[in-house]
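The sequence lines fix the lettering, A, B, ..., with proteins before strands; numbering per chain opens at 1. Everything numeric in this text was worked out from a predicted model, so none of it was measured.
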Protein chains: 2
Amino acid sequence: MSEKPQGNGVEKKLPSRRIADELRAAITSGELPEGRKLESERKLAERFESARNTAREAVRLLAEEGLVDVQHGRGVFVRRKRKLLRFGSERYSKRLREQTGLSPYRAELAKQGLTPRVDCTSIERVVPPSQIAERLEVDPGQASVVRRENWYYASDDQAEYVVQVGVTYIPWLIAEGSVLATSAKMGKGSLYARFEDLGHPMARSREEITARMPSQEEVQGLKLPDGVPVIDVLHTGIDPDGVAFEVTRFVMRADFGGLDYNMPIEG
Amino acid sequence: MSEKPQGNGVEKKLPSRRIADELRAAITSGELPEGRKLESERKLAERFESARNTAREAVRLLAEEGLVDVQHGRGVFVRRKRKLLRFGSERYSKRLREQTGLSPYRAELAKQGLTPRVDCTSIERVVPPSQIAERLEVDPGQASVVRRENWYYASDDQAEYVVQVGVTYIPWLIAEGSVLATSAKMGKGSLYARFEDLGHPMARSREEITARMPSQEEVQGLKLPDGVPVIDVLHTGIDPDGVAFEVTRFVMRADFGGLDYNMPIEG
DNA sequence: AGAGCACACTGGCTTGAGCCAGTCAACTGA
DNA sequence: TCAGTTGACTGGCTCAAGCCAGTGTGCTCT
């Protein structure tokens with residue numbers, strides 16, 4: 001051991017890191033603005049007098065950091081930074097719902113000059129996953145819940161992006177006979193107003209939050225660039241009697257979305 | 001366009017994916033248990049009749065997915081799955097604090113058979129970052145806050161891990177003269193009991209949550225394996241008068257930690 | 001005008017070679 | 001006995017070359 005030759009004197013850099021560092025500096029300094037196309041791998045290799053694989057490795061590093069987007073056949077582009085959308089705890093507030101008429105998702109996007117779109121892609125009666133059955137206290141062996149899948153999009157002037165996917169599970173005993181079990185259209189006040197109609201206003205919300213790298217399907221479904229984790233939120237809606245009447249799993253792009261809770265401290 | 005030749009008939013796999021898929025299957029099936037050392041890159045290459053670089057690429061894919069840990073000079077090992085530690089909203093509850101005597105961090109770790117350690121590495125009077133100054137409503141140009149840095153560790157029978165780092169900022173006007181400004185030892189009831197002593201019980205907590213890939217310093221500091229994002233929580237403590245008396249930024253390993261809030265819906 | 005093709009780009013992936021740098025155990029010599 | 005060296009492993013990184021697969025342009029033929 002003893003005396004590692006670190007940091008003393010001239011730092012001898014690995015070629016791939018040197019290229020990556022130089023490109024990173026150009027990006028963060030603004031010399032390479034957002035959306036700008038980088039030199040091709042072959043040209044980078046030539047400019048830095050290295051092998052194409054080495055330039056390629058440098059680009060991979062930047063992509064992993066989320067600084068650039070690599071597009072097969074087109075080139076490498078400086079990634080556009082996005083403002084974070086924040087989904088807050090007032091999400092479920094009755095007051096806010098009645099005041100604005102907008103869903104919190106639409107309100108948040110409007111604030112940032114983006115156009116929202118929400119698409120209910122399926123409504124089915126299914127056997128609940130065990131995690132869901134536990135929280136709703138329903139039979140895990142029967143088709144005891146309705147599963148509603150919603151996709152949330154945002155578009156700017158360039159393109160439309162998938163921001164998050166929400167899968168809501170509702171006990172069949174609650175949803176039976178109402179629009180919850182049948183229709184994508186929720187009517188005035190949306191989903192949570194319907195729960196109120198059915199005698200289940202939301203009194204408490206439990207939110208279990210983790211983050212992870214996306215699965216392969218999520219990368220495809222959300223069209224996720226490299227190096228972007230997802231935030232996984234398991235939300236449980238609870239009525240004044242302590243009954244869990246709804247569980248929703250949100251999976252959101254972490255580079256787009258965040259959460260913002262403001263809650264009282266109890267006890 | 002038209003008819004992409006996808007999925008019809010025999011799927012022709014890329015060599016690196018084939019190797020990765022086979023190893024992944026062996027891992028998820030339990031054939032390769034946690035902690036087991038994989039064949040060396042050179043042996044993999046030989047067994048799959050490919051170049052070492054190709055086997056290496058396969059290993060890289062698995063590491064990116066968080067399935068294996070690569071250790072220079074030692075080998076590639078199946079990563080041990082960890083139960084998620086959940087830090088909840090009762091974190092700041094007075095009742096819980098008085099009942100257990102344990103901090104929530106210690107309580108949570110005890111529940112999972114892990115040994116906690118918390119280390120206060122520095123207490124300084126500093127100029128607040130702008131994000132902090134805004135929330136505490138203090139002068140962003142003066143050394144108007146005390147900065148306390150805490151490192152949270154967990155150890156099992158194998159090793160000690162860094163779970164999260166918390167940096168707390170307290171307005172100098174509040175901390176001045178108390179242990180908050182001077183001592184790592186907080187005494188009975190810890191940090192938040194001291195705020196209570198000073199007339200700032202926590203009435204509300206705001207938690208702004210994002211996830212992202214770690215910076216290079218965070219990778220080193222938290223000794224993060226590949227493919228593990230961090231959860232970034234900006235917590236603001238608010239007293240009954242609406243005064244923000246403390247802001248803490250937590251950065252936690254997403255493979256170790258998660259958050260679990262249970263809050264009332266207001267309005 | 002329009003459909004279609006050819007070609008020149010782009011990145012995607014593999015090969016096989018070589019050297020560098022940690023790790024660890026076995027050996028060597030004071 | 002034990003410190004120090006050696007050498008056989010491990011992964012880390014680079015090279016140069018080649019072929020495959022998307023993308024987009026411009027030309028050609030109808």
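- Relative to the side chain of A:Leu14, the nucleotides C:dC24, C:dG11, D:dT14 differ in distance, and D:dT14 lies closest.
- At whole-Å resolution of the value, CG in B:Asn53 and P in D:dG12 are 12 Å apart.
- Using a 4.0 Å heavy-atom distance criterion, B:Val59 is classed as making no nucleic acid contact.
- Computed from coordinates, the B:Glu46 CD to D:dT10 C1' distance equals 16 Å when rounded to whole Å.
- The listed nucleotides are C:dT14, D:dT14, D:dG12; the one nearest the side chain of B:Thr54 is C:dT14.
- One interatomic measurement links the two molecules: CZ of B:Arg56 to C1' of D:dC13, which rounds to 7 Å at whole-angstrom precision.
- Within 6.0 Å of CD in B:Gln112 there are more than 12 heavy atoms belonging to other residues, nucleotides or ligands.
- Considering only the side chain of A:Arg17, D:dC13 comes nearest among D:dC13, C:dT10, D:dT23.
- Between B:Glu41 atom CD and D:dA8 atom P the separation is 20 Å, expressed in whole Å.
- Of the candidates C:dC13, D:dG24, D:dG11, C:dC13 carries the atom nearest the B:Ser16 side chain, counting heavy atoms from C-beta on.
- Taking 3.5 Å as the limit, the base of C:dG12 and the side chain of A:Arg52 contain a donor-acceptor pair of atoms between them.
- In this structure, B:Gln71 atom CD and C:dT23 atom C1' are separated by 10 Å, rounded to whole Å.
- Electrostatic pairing of A:Glu57 and A:Arg60 counts as a salt bridge here, judged by a charged N lying under 4.0 Å from a carboxylate O.
- Atom C1' of nucleotide D:dG11 and atom CD of A:Glu57 are separated by 14 Å, given to the nearest angstrom.
- At the phosphate of C:dC24, OP1 or OP2 sits under 4.0 Å from a side-chain N or O atom of B:Arg74.
- Without hydrogens or angle criteria, B:Tyr153 side chain to B:Thr115 main chain gives no donor-acceptor distance under 3.5 Å.
- Across the protein-nucleic acid pair, B:Arg42 atom CZ and D:dG11 atom C1' stand 7 Å apart, rounded to whole Å.
- If you run side chain to side chain contact (heavy atoms under 4.5 Å, CB included) between B:Glu218 and each of B:Val165, B:Val162, B:Asp232, B:Val251, only B:Val251 comes through.
- The pair A:Asp21-A:Arg18 does not count as a salt bridge, with every side-chain nitrogen at least 4.0 angstrom from each carboxylate oxygen.
- Atom NE2 of A:His72 and atom P of C:dA8 are 18 Å apart (whole Å).
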